[in-house]
There are 2 protein chains.
Amino acid sequence: MAMSKEANGSLQVMQNVADNLRLARLQQGYSQEVLATRAGISRRMLVNIEAGESNASIATVDKLASALGLSFVDVVRPPSSSDKARALPLRIWQGEQADSHASLLESVVKPGVTLELWRWQLAAGDSYHAEADAPGCHEVLYVLQGSLQVQLAQQSHTLQTGQSLTFASDQVYSYHNRDAVACAFTKNILMYPHGTQSAE
Amino acid sequence: MAMSKEANGSLQVMQNVADNLRLARLQQGYSQEVLATRAGISRRMLVNIEAGESNASIATVDKLASALGLSFVDVVRPPSSSDKARALPLRIWQGEQADSHASLLESVVKPGVTLELWRWQLAAGDSYHAEADAPGCHEVLYVLQGSLQVQLAQQSHTLQTGQSLTFASDQVYSYHNRDAVACAFTKNILMYPHGTQSAE
DNA sequence: GTGATTTGTGCATTATATTTCACAGACTCC
DNA sequence: GGAGTCTGTGAAATATAATGCACAAATCAC
């Protein structure tokens, strides 16, 4: 993948910027309009850059990188270097305690569906309250260490190390580590554009 | 080091580009004029970029990177990432045999003097003939593996593993590996602007 | 000292990146 | 069907990157 298009004066770097920006933008769920506004540039420019047809300036690329929470180098980096072990982790959540954090490890974006792999960690006694995800979203948890209580709207589940749980996340929910040791777990999120999927 | 100057709209990236370009240019002994010509840009532009006062385009930075034998990322990279383990090795020499090559590991550029650390490797039976360095240059060799014969204008030295040699390199000289195994050695070069130093 | 080379600055000119708008196609939702 | 959002394209206007030249200051060679 990531073959160059060789338009007019299309440099390899331009194509890297184009690919990296588009990928990161879709991963974070921004439209061109939103991202362009956040970055303080025109949408027209963003279109050109994502098409690999614009020889942007350093400042412009930097604005976009910042708006996406990426470093300049991340945006410019060719896919060849550290290919799949990408610029991710992104969207890191850092709790008040040092041992409480979460990071996005992988992200697969397809036309109809998006899959994200997260790694979570909760310090002893800590908890996390989440808002409802988009309609149709499902989460699949797998506890690596310690124990985890998942509080849903109507029910509650307590998972021990090695146990897993699937639940619809289009509702408010929360994670609780009521144990005395840190809890680590992986979390897969399956998301759909709007509500395109039927129940299983 | 490498504090930002905060001129007009000086981004951190601009300063990185400025620092990296100037360092690489001096390391390779180019004047602004020469580098600008090789890169196909105006010297005026190069002056601005090296001063961190110009918001250059991707294409311009890429031209400069190519002219210096560097990748785009190398030029943009902040000094913080892999700080001293820099973009180097540069100026790689590759012999006809795969085991014969040399690379520049470190380079310290000061107003009056430049020190370079190289790592050389010569395949069994291979040799390398060097032109005279600038007047006043000295080399310090240290053999890591195998044996090395250094042929100077008036004399010849044969070094075994662990032995070292200092000699004035402002004369033609050559390295010979007359052994049956590959030879590796480090080489420090001490250079002066023109001939500013007195003999010891 | 003079002469040559390198580097930094100011300014007018040219090239082009960037903006703003208006519009068309593709898609989802109602 | 129409109304909505998202995305790509075109063209004119504007901002600015990039050029070229002339000149001053510093450094090194002689």
Side-chain angles (χ1 to χ4, degrees), chain A residues 5 7-11 13-14 17-18 21-23 25-26 28-64 67 109-114 134-136 191-198, chain B residues 5 7-11 13-14 17-18 21-23 25-26 28-64 67 109-114 134-136 191-198:
Chain A
K5 279 178 61 181
N8 38 16
S10 177
L11 298 177
V13 201
M14 289 188 191
V17 173
L21 281 182
R22 163 150 286 175
L23 179 61
R25 179 174 66 83
L26 293 178
Q28 306 195 26
Y30 293 144
S31 68
Q32 290 180 343
E33 177 80 34
V34 173
L35 176 57
T37 303
R38 282 176 53 104
I41 70 171
S42 67
R43 189 178 70 88
R44 191 65 180 86
M45 196 67 222
L46 180 54
V47 171
N48 284 337
I49 295 178
E50 283 193 355
E53 296 168 351
S54 178
N55 174 26
S57 70
I58 292 182
T60 302
V61 175
D62 193 66
K63 288 178 191 170
L64 286 167
V109 180
K110 293 293 178 184
V113 63
T114 297
M191 293 173 291
Y192 307 89
H194 286 93
T196 342
Q197 85 303 348
S198 58
Chain B
K5 279 177 61 180
N8 38 17
S10 177
L11 299 178
V13 202
M14 288 187 191
V17 173
L21 281 182
R22 164 150 287 175
L23 178 61
R25 178 174 67 82
L26 293 178
Q28 306 195 27
Y30 293 144
S31 68
Q32 290 179 345
E33 175 81 34
V34 173
L35 176 58
T37 303
R38 281 177 53 105
I41 70 171
S42 65
R43 189 179 72 89
R44 191 66 180 84
M45 197 65 222
L46 180 54
V47 171
N48 284 337
I49 294 179
E50 282 193 356
E53 297 168 350
S54 178
N55 174 25
S57 71
I58 293 182
T60 302
V61 175
D62 192 67
K63 287 178 192 170
L64 286 168
V109 180
K110 293 292 178 184
V113 62
T114 298
M191 294 174 292
Y192 306 89
H194 285 92
T196 340
Q197 85 305 348
S198 58

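Here is how names work: the chains are called A, B, and so on, in the same order as the sequence lines, proteins then strands, and each is numbered from 1.
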*Could you pull out all residues at least two apart from Ser57(A) that satisfy side-chain hydrogen bond (donor to acceptor under 3.5 Å, both in side chains)?*
Thr60(A), Asn55(B)
*For the atom pair CD1 (Ile58(A)) and NZ (Lys63(A)), what is the distance rounded to the nearest 0.5 Å?*
13.0 Å
*Asn55(A) CG to dA18(D) C1': how many Å, rounded?*
11 Å
*Which nucleotides of nucleotides 3-9 of chain C have their base under 4.0 Å from a protein heavy atom (B), which only their sugar-phosphate (S), and which neither (-), written as one string 5' to 3'?*
---SBBB
Can you tabulate the close N/O pairs, meaning under 3.5 Å, that link protein atoms to atoms of nucleotides 24-27 of chain D?
none

*To the nearest Å, give me how far apart CE (Met45(B)) and C1' (dT16(D)) are.*
10 Å
*asked:* It should be established whether Ser57(A) places a side-chain nitrogen or oxygen under 4.0 Å from OP1 or OP2 of nucleotide dT18(C).
replied: yes
*Could you tell me the separation between the CG atom of Leu11(A) and the P atom of dT16(C), rounded to a whole number of Å?*
14 Å
Identify all side-chain donor-acceptor contacts of residues 33-41 of chain A below 3.5 Å with residues at least two apart in sequence or on another chain.
residue: Thr37(A); atom: OG1; partner: Glu33(A); partner atom: O; Å: 2.9
residue: Arg38(A); atom: NH2; partner: Ala67(A); partner atom: O; Å: 3.2

_Terminal axis angle for the helix from dG1(C)-dC30(D) to dA26(C)-dT5(D), five pairs an end, nearest 10 degrees_ = 40°
*Can you run down the salt bridge (Lys or Arg N to Asp or Glu O under 4.0 Å) pairs that involve residues 42-51 of chain B, sequence neighbours left out, and say none if there aren't any?*
Arg22(B)-Glu50(B), Arg25(B)-Glu50(B)
*Give the nucleotide from the list dA18(D), dT18(C), dT19(D) with an atom nearest to the side chain of Ser54(B).*
dA18(D)
*Would you give the length of the straight line joining atom CG of Leu21(A) to atom CG of Leu64(A), rounded to the nearest 0.5 angstrom?*
5.5 Å
*asked:* How many whole angstroms separate atom CD1 of Ile41(A) from atom C1' of dT14(D)?
replied: 17 Å
_What is the distance, to the nearest angstrom, from the CG atom on Leu46(A) to the P atom on dT19(C)?_
10 Å
